[in-house]
Structure formats: structure tokens, C-alpha cells
Amino acid sequence: MTPAMSPPAPAAPTAPPAQAFLPFTRPSIDEATIEGVAQVLRSGWITSGPQVKAFEAKLSEYFGGRPVRAFNSGTCTMEIALRIAGVGPGDEVITTPLSWVATSNVALEVGARPVFVDIDPVTRNIDLRAVEAAVTPRTRAVIPVDLAGLPVDRDRLYALAHRLGLRVVEDAAQSFGSTWKGRRIGSFGDFTSVSFHANKNITTTEGGCLVLNSEAEARLAEQYRLQGVVRTGFDGMDVEVVGGKFNMTDVAARVGLGQLPHLEAFTEKRRVLARAYYEELSRPDAAALGLGLPVADFEQSNWHMFQVQLPDGRLRGGRAALMGALHAAGIGTGVHYPVIHLFTLYRAMGWKEGDFPHAENAGRNLLTLPLFPAMQRSDVERVVAALVAAVPPLQAP
Ligand SMILES: *Cc1c(COP(=O)(O)O)cnc(C)c1O
């Protein structure tokens, strides 16, 4: 090489290809559904109409022929179920403090008193022995929650409800697609409430449905859904109860009709990814993190979420620092949920720290990892590698 030769041009800077941010969940909506929504928008009928009727019929088929009505949220379906059950002022409703706050807000909404009991730390669902211990002469209903899609023991739940004469409003917001001993959640039991919020296993953007016990209950649900209105003939209208504004639009129902056929495949994909998490998290470097894993139910759960329990009080900077580090690594995580009884509204009713130790521990330490049908195994590997890199060394217990 002669000095006159110009040095080779420096190589173009090659940054590693940027990896897309991985959120903790994301809906999968196919092009046919998007086209179907466009057709509804062009049809001239965009609020409750033929699409809602068709969606309700498909849902009823799914739930073994039980009556089903669609609404604009999952929350209102629980409120309406309580109203149909006649739950109101002076009544108590037993539920779990480890849930989305809607679960107990609906009891307050109808004028009843929510009564919290602790969770089972293994399943993270309501402890049914604690339910039994909390029953008083005022107890009218129980709202169990299938957290992350893991079903509450339906045999014990209904044995208890029948023995004590309690109504059950199953908060199955997260367990659409889950089963109990081979039977679909919602195809048996008392009321079943499902949410189709954007983050749920199938979505209508916002929405929900209520599975009921009889056509009479379903008619009442329709009244509570829309201002209490009952129409007859071409011009007849009456109002018998105070209803709200809870009807689902045809636009939303069309999204749901496009989602339903994918339910089984979505559930299967979630199970495959959950298994992948188990495998990756059991490698020695990941196992050393001391994370608490969810119940390994690959039969019944729809794996709405994959939640790990962080070692209590042994992470420097706590959960928030870990979430920040994962976010910086392009990974979204979630917190489901801060316990309800320690919110200001509920503390004012008398609940305090230490009331429900298992739920409080879970509320402080559960972390929801990314899990949605469009993910790949490589995404799971990436999450676990980022966890291994981000979890600071454990301090001595
Ligand atoms: C999503 C959810 C709800 C409420 O559903 P919305 O459709 O958002 O009203 C209630 N309970 C639980 C456990 C949920 O996850």
C-alpha cells in the first residue's frame, strides 16, 4: 500500500436493526373484520341493530344456548346482574381485592357493600374458605374473578353458593375461552360477565356480554341496558325500571363477529407462548431470579396474562425500577392489579394495610409479561433475556 493511496472509506455505521417495542398485549384484528366494519359504517345502521343480534346469537351458541345480551362494557354487565338479582342497599357482596376496581365498584354502584376476602396465594384467585367465613345474614352475592384466565374452582364455588343461598356473578372478564373440567366458562352456573375491552382475549374495542339464566332475566337486562324502555308495536313505549345507557353498537358487534372465530386459535397460541415462558424461565440463569410462576394450567386457562411474582422487598428499586429497565429494553409490562381495598375510596370505608396479606403481596409484586397471539417464541426468549439482564442481584433475604 503506497502512502498516496487514500485510506479505505470508513464502513457505514451499522446500528443493529431496531427491535420494535413489544407491548404487554395487543389485539389481533384481521383485514376481513376491518372491511366488515367499513361495510357496517356504509350501511346506514351503525348503532345497536342486526350486527348486535347476530353477535348475541353466536355468543349464545358458544355458551351452550344460554341467553346472552351484549353491552358497551364488561363493567355494566356486572352492575346489571346485581340489579337483576335484586342486590341493593343493606346487602353485602363478597369479592376479591386483587382485581380491576370495576369488580367492587359495581357493588357500590347498586348501593351494596363490597366485602373483601383474601386470595389463595397459589392461584391468586379468591380464597373460597375465606368467602364462607365472611358470609353474614346480609350477604346476597359473590363476585369471583378468574384472574389471568385461571378459573376459580366452580365445583366448590357453586356448592358453597347453593348451600348458603348466594347469587354468583362470575367476573369472567379475563376467562372467555377458559374451561372448567371440560365445560366452557359461562356455559353453566349463575350469571357470567365477560369483557371485550381491547386488552381482553377477544375484543369489540369496548364491550361486554352477560350470560343469564332465563329469557325473563334477559328481558330485564335489556331494560337496564337502555333507559328501562320497553317497546310494543309501532308506537308503544313504556318505562318500568331505571335503566342506563349500556347498549353495544353495530360497529363494535361487527368487530366481535370477526374476532369470535379466532377464539380457539388465540387461546391455543397463548398456551404455546405460556409454555415457552415456563421453559425459558426454568433455565438456570432465569430460575436464579427467584420469580414466582403462575399455576401451570395448560388445559383450562385461556392464559389471558402471564404474571410473575417478584421476590418481595428484595429487588433494588422495586418493581417500578424493573419495569423502567424493561421499557428501556423495548419491552412493555403491566401491573394487574394494585389491591382495591387500599385505594382512597375504599380506605375511607375502613379497610387498611394488613387486612389481606396475600392479596397485598401479590398487588405489590406481580408483574404482567407480554403475551398476545401475534407474539413469537423469539419474543418470549427476548423478554426472559431482558429480565435476566435487568433484575438486579438479589439482596440477602
Ligand atoms: C376488564 C375487566 C373488567 C371490566 O371490563 P370493561 O369491559 O373494561 O368494563 C372487569 N373485571 C376484570 C377482572 C377485568 O379484567
Side-chain angles (χ1 to χ4, degrees), residues 24-27 52 55 59 68-83 93-110 114 116-117 119-120 123-126 141-152 157 168-178 185-186 191-211 221 224-225 244-249 251-253 255-256 259-260 266 270 294 301-307 334-341 343 346 359 362-363 366 368 371-372:
F24 79 83
T25 192
R26 192 170 67 205
V52 170
F55 188 41
L59 288 167
V68 181
R69 293 297 180 271
F71 300 81
N72 61 12
S73 77
T75 304
C76 72
T77 66
M78 294 193 282
E79 180 186 326
I80 288 170
L82 291 174
R83 290 194 195 284
V93 177
I94 301 177
T95 192
T96 168
L98 188 68
S99 183
W100 177 231
V101 65
T103 308
S104 55
N105 277 354
V106 295
L108 295 174
E109 204 63 57
V110 303
F116 297 109
V117 300
I119 58 162
D120 171 335
T123 64
R124 304 165 182 166
N125 282 332
I126 197 167
V142 189
I143 310 182
V145 178
D146 302 318
L147 191 71
L150 183 72
V152 169
L157 170 68
V168 178
V169 180
E170 299 179 10
D171 182 344
Q174 302 186 3
S175 57
F176 189 51
S178 299
I185 293 301
F191 297 107
T192 303
S193 161
V194 174
S195 168
F196 302 125
H197 175 266
N199 285 355
K200 302 305 199 282
N201 285 26
I202 75 158
T203 185
T204 60
T205 68
E206 295 280 2
C209 76
L210 182 62
V211 189
Y224 285 122
R225 181 168 64 178
K245 172 66 180 173
F246 300 127
N247 55 304
M248 177 179 275
T249 70
V251 175
V255 178
Q259 288 270 285
L260 255 187
F266 284 172
R270 285 173 174 277
S301 176
N302 68 359
W303 289 96
H304 172 62
M305 296 189 285
F306 193 96
Q307 296 180 290
V335 171
H336 305 91
Y337 294 95
V339 284
I340 299 170
H341 67 284
F343 291 139
Y346 288 86
L366 282 183
T368 305
L371 181 60
F372 54 89

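Both ligands and their constituent atoms are indexed starting at 1 by order of listing. Positions are given from 1, in the same order as the sequence printed here.
- N247 has its side chain out of reach of V52: every pair of non-hydrogen atoms, C-beta onward, lies at least 4.5 Å apart.
- For N201 (side chain) and G177 (main-chain N/O), no donor-acceptor pair under 3.5 Å exists by modelled atom type.
- Between the CD1 atom of I126 and the OG atom of S99 there is a distance of 9.5 Å, given to the nearest 0.5 Å.
- F306 is listed as a side-chain neighbour of P294, based on a closest heavy-atom distance under 4.5 Å.
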Short N or O contacts of ligand 1 with protein, under 3.5 Å, listed by atom name?
residue  : atom   : partner : partner atom : Å
ligand 1 : 5 (O)  : S195    : OG           : 3.2
ligand 1 : 7 (O)  : G74     : N            : 2.7
ligand 1 : 7 (O)  : S195    : OG           : 2.6
ligand 1 : 9 (O)  : G74     : N            : 3.2
ligand 1 : 9 (O)  : T75     : N            : 2.8
ligand 1 : 9 (O)  : T75     : OG1          : 2.5
ligand 1 : 11 (N) : D171    : OD1          : 3.3
ligand 1 : 11 (N) : D171    : OD2          : 2.8
ligand 1 : 15 (O) : Q174    : NE2          : 2.8
ligand 1 : 15 (O) : K200    : NZ           : 3.2
ligand 1 : 15 (O) : Y337    : OH           : 3.3

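- Between H341 and F116, the two ring planes are tilted [angle within 30° to 60°].
- Among V169, I143, V93, T75, the single residue meeting the side chain to side chain contact (heavy atoms under 4.5 Å, CB included) criterion with T103 is I143.
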